[in-house]
Amino acid sequence: MARHTGPSNGAELRHPPGTFDVMPAESGAWQHVLATFARVVSGAGYGLILTPTFEDIGVFQRIGASTDVVRKEMYDFVDKGQRHVALRPEQTASVVRAFIQHRPTTPWKAWYAGSQFRFERQQAGRYREFHQVGVEAFGSADPDLDVEVMALAWEFYRALGITRMDLLVNSLGDSRCRPAYRRLLVEYLLAHQGDLCDEHRDRIEDNPLRILDCKRPGCRSVAEGAPRQVDHLCDECAAHFGRVVEGLAALSIPFTLQPTLVRGLDYYTRTTFEYAGTGLESAQNALGGGGRYDGLVAAMGGPDTPAVGFALGMERILLALDAEQVALAGGARLDAFVVDFAGGTVARDLTARLRVAGFRVDRSFDGRSPKAQFKAADRSGARLALVVGPDEAAAGTVGIKDLQAAAEQVTVGMEEIVPELSRRLG
RNA sequence: GUGGCCGUAGCUCAGUUGGUUAGAGCGCCAGGUUGUGGCCCUGGAGGUCGGGGGUUCAAGUCCCCUCGGUCACCCCA
């Protein structure tokens, strides 16, 4: 039986736990970030893809049964048609599903932006509904594509003004060399079992790579002496990784080799990377991450297709911008604000006419006092006030007052307004 | 799922060992200026003190429950 059926007694309506509203006063920053991302990735041949916000739960279960995302964070339910669906916890699986369903010719490069859902308790930089932008590139195993993807994220952060971050890079090997490494690692961990933290002591076989990422002191000291995947790559993976590292250096993108970087999703092969914000005070400091997933398309029933991509968290990006005190371009300003205290007819007609002509114009309603209307004009940030009192209305003229300069108010005929505005705002 | 902290006006907060009609700043509205914003002055509107129950002559204040927020663990964006 549903435990939560509505607002509790006397409670006001509010957004669900773990979600938030972005009000117009703050949405300018979101628009700026999204526009910047679209510019960077579309300029590299990536096309926008939109997929459903929810999918059959099977789509996401392919992410990996041992991941927390699937085990305990899925926001799923049975719908009225008895379908078991889930709000997407990430978008890579959805894009892969779309790739398999539509079979575009490769190489195929797509970018996305939108909401993700994971059912967890909220904290700084982490929400139940959160937002990501990302890219996915299918059909090439070329390490230079890994470098392209990492460079795009780098360029995007740089374009926004984020400087305090580390690019962490690792290689997880592939289906040939990872099993051997995994056996080596399990062997090592079993030998040091007593030093591991309580949670991981009995789960070595379960997900040994995860232990490398554990933050507890016991696991960490064991991890430091553990065999490293990068030292046990097969020839092909080693060559691939070598080319990736070489490419990053060639493009002057600073990075840190982090052999313990595992990441939360099981499908990664070879290259994995994460952009860690170093200016953030909150515990959640991953600005974004990604990697190569050469086996996922086939695992989901598609043709054997290598792929690489990343996802970047909007909320984390905004936190980083805030931490670095990056001033974002404010919201769009108005060109003019019509102040009409002669009945409102001129305001009605002139505002509409100017908007059709392409100007950004607003006005007051309810026949407020001149003082109140000028106050509203001032607050709107409009460059000019277009003043219509009884005198102007009778004469068929309009007063033009510059709200941001100490210039005299001038009067022009109604028909000269458009050219006059063009001249002043040009 | 577990734990810490916090819920008083639109926002940020004050409110004494429980004690009269619950306050401030900012914001909003109006007036000062019978047609002119920003600065200033005056006034006004706006509160089930998160909700429910209890103790008490008396509860914003104490107790219990509950809802919500926030941060952290886990994990990640």
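Per chain, numbering begins at 1; letters A, B, ... match sequence-line order.
- Defined by atom type and a distance below 3.5 Å, a donor-acceptor pair is present between the side-chain atoms of A/Gln101 and A/Arg97.
- Taking atom P on both B/rG35 and B/rC39, the two are 23 Å apart, rounded to the nearest angstrom.
- No contact: A/Ile317 has no heavy atom under 4.0 Å from any strand.
- Using a 4.0 Å heavy-atom criterion, one finds that A/Leu312 contacts no nucleic acid atom at all.
- Atom P of B/rA45 sits at a distance of 15 Å from the matching atom of B/rG10, rounded to the whole Å.
- Atom CD of residue A/Gln91 and atom CH2 of residue A/Trp111 lie 11.0 Å apart, to the nearest 0.5 angstrom.
- Residue order along RNA chain B, read from the 5' end via each residue's closest nucleotide, puts A/Ala405 first among A/Ala405 and A/Asn285.
- Using a 4.0 Å heavy-atom cutoff across all strands shown, A/Gly125 reaches at least one base atom of the nucleic acid.
- Using a 4.0 Å heavy-atom criterion, one finds that A/Val387 contacts the bases of the nucleic acid, with or without backbone contacts as well.
- Side-chain contact between A/Gln229 and A/Pro259: absent, with no pair of heavy atoms (C-beta onward) separated by less than 4.5 Å.
- Looking at A/Asp146 and A/Thr271, their side chains do bring a donor and an acceptor atom within 3.5 Å of each other.
- If you take atom C1' in B/rG23 and the same atom in B/rG15, they sit 7 Å apart, rounded to whole Å.
- Between A/Arg379 atom CZ and B/rG27 atom P there is a gap of 10 Å when expressed in whole angstrom units.
- Residues A/Glu392 and A/Thr411 bring no donor and acceptor atom of their side chains to less than 3.5 Å of each other.
- Per the stacking criterion (ring centres < 5.5 Å, plane angle < 30°), A/Phe341 does not stack onto the base of B/rG35.
- Listed candidates were B/rG37, B/rC71, B/rG35. Nearest to the side chain of A/Leu403 is B/rG37.
- Formation of a donor-acceptor pair under 3.5 Å by the A/Arg355 side chain with backbone atoms of A/Val361 is found in this model.
- In this structure, A/Gln116 reaches neither bases nor backbone, as no heavy-atom distance under 4.0 Å exists between it and the strands shown.
- The same atom, P, is picked in B/rU56 and in B/rC74; the two are 47 Å apart, to the nearest Å.
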What pattern of brackets, bars and dots sums up RNA chain B from 5' to 3', given Watson-Crick or G-U wobble pairs under 3.5 Å, [ ] for crossing pairs and | for another strand?
-> (((((((..((((.....[...)))).(((((.......))))).....(((((..]....))))))))))))....
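- Residue A/Gln123 has a polar side-chain atom (N or O) positioned under 4.0 Å from OP1 or OP2 of B/rC73.
- Of the N and O atoms on the side chains of A/Asp56 and A/His84, not one donor lies less than 3.5 Å from an acceptor on the other residue.
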Indicate for each nucleotide in nucleotides 2-9 of chain B, in 5' to 3' sequence, whether protein heavy atoms under 4.0 Å reach the base (B), only the sugar-phosphate (S), or nothing (-).
-> BB------
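- The nearest heavy atom of RNA chain B to A/Val388 and to A/Ala286 marks one nucleotide each, and the one closer to the 5' end goes with A/Val388.
- No hydrogens or angles were tested; on distance alone, a donor-acceptor pair under 3.5 Å links the side chain of A/Arg126 to the base of B/rC74.
- Rounded to whole Å, the P atom of B/rG31 lies 11 Å from the corresponding atom of B/rU36.
- Relative to the six-membered ring of A/Phe365, A/Arg363 meets both conditions, a distance below 6.0 Å and an angle of at most 45° to the axis.
- In this structure, A/Phe20 has its ring center under 6.0 Å from that of A/His131.
- The closest side-chain donor-acceptor pair between A/Glu129 and A/Tyr75, if any, does not fall under 3.5 angstrom.
- One interatomic measurement links the two molecules: CZ of A/Phe20 to C1' of B/rA77, which rounds to 11 Å at whole-angstrom precision.
- With C1' as the reference atom, B/rU61 and B/rU20 are 16 Å apart, rounded to whole Å.
- Between the CG atom of A/Asp391 and the C1' atom of B/rU34 there is a distance of 13 Å, rounded to whole Å.
- Across all strands, A/Ser282 comes closer than 4.0 Å only to sugar-phosphate atoms, never to a base (heavy-atom distances).
- B/rU33 and B/rU42: their C1' atoms are spaced 14 Å apart (whole Å).
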Report each atom pair, protein N/O against N/O of nucleotides 41-47 of chain B, whose distance is under 3.5 angstrom.
none

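- Counting non-hydrogen atoms under 4.0 angstrom, A/Arg368 reaches the backbone sugars and phosphates but no base.
- Contact annotation for A/Ala372: backbone-only contact, meaning every heavy-atom pair under 4.0 Å involves sugar-phosphate atoms and none involves a base.
- One interatomic measurement links the two molecules: CZ of A/Arg14 to C1' of B/rU70, which rounds to 11 Å at whole-angstrom precision.
- A/Gln373 comes within contact range of no nucleotide atom at all, as no heavy-atom separation falls under 4.0 Å.
- Side-chain atoms of A/Arg128 do not come within 3.5 Å of backbone N or O of A/Thr19 as any donor-acceptor pair.
- Between A/Gly18 and A/Tyr127, the closest heavy-atom pair is O-CB, 3.2 Å.
- No hydrogens or angles were tested; on distance alone, nothing pairs the side chain of A/Arg263 with the base of B/rC75 as donor and acceptor under 3.5 Å.
- Heavy atoms of A/Ala124 sit under 4.0 angstrom from primed sugar atoms or phosphate atoms, though from no base atom.
- Judged purely by distance below 3.5 Å, without hydrogens or angles, the side chains of A/Glu90 and A/Gln116 never pair a donor atom with an acceptor atom.
- Under 3.5 Å, the side chain of A/Glu274 and the base of B/rA77 form no donor-acceptor pair of N or O atoms.
- Atom CG in A/Leu280 sits about 11 Å away from atom P in B/rA72, given to the nearest Å.
- Residue A/Lys72 has its side chain nearest to B/rC74 when only B/rU36, B/rC74, B/rC73 are considered.
- Residue A/Glu90 is classed as having no contact, given no heavy-atom separation below 4.0 Å to the nucleic acid.
- The C1' atoms of B/rG60 and B/rA77 are separated by 41 Å, rounded to the nearest whole Å.
- Scanning atom types as modelled, no donor and acceptor separated by under 3.5 angstrom connect the side chain of A/Gln284 and the base of B/rC71.
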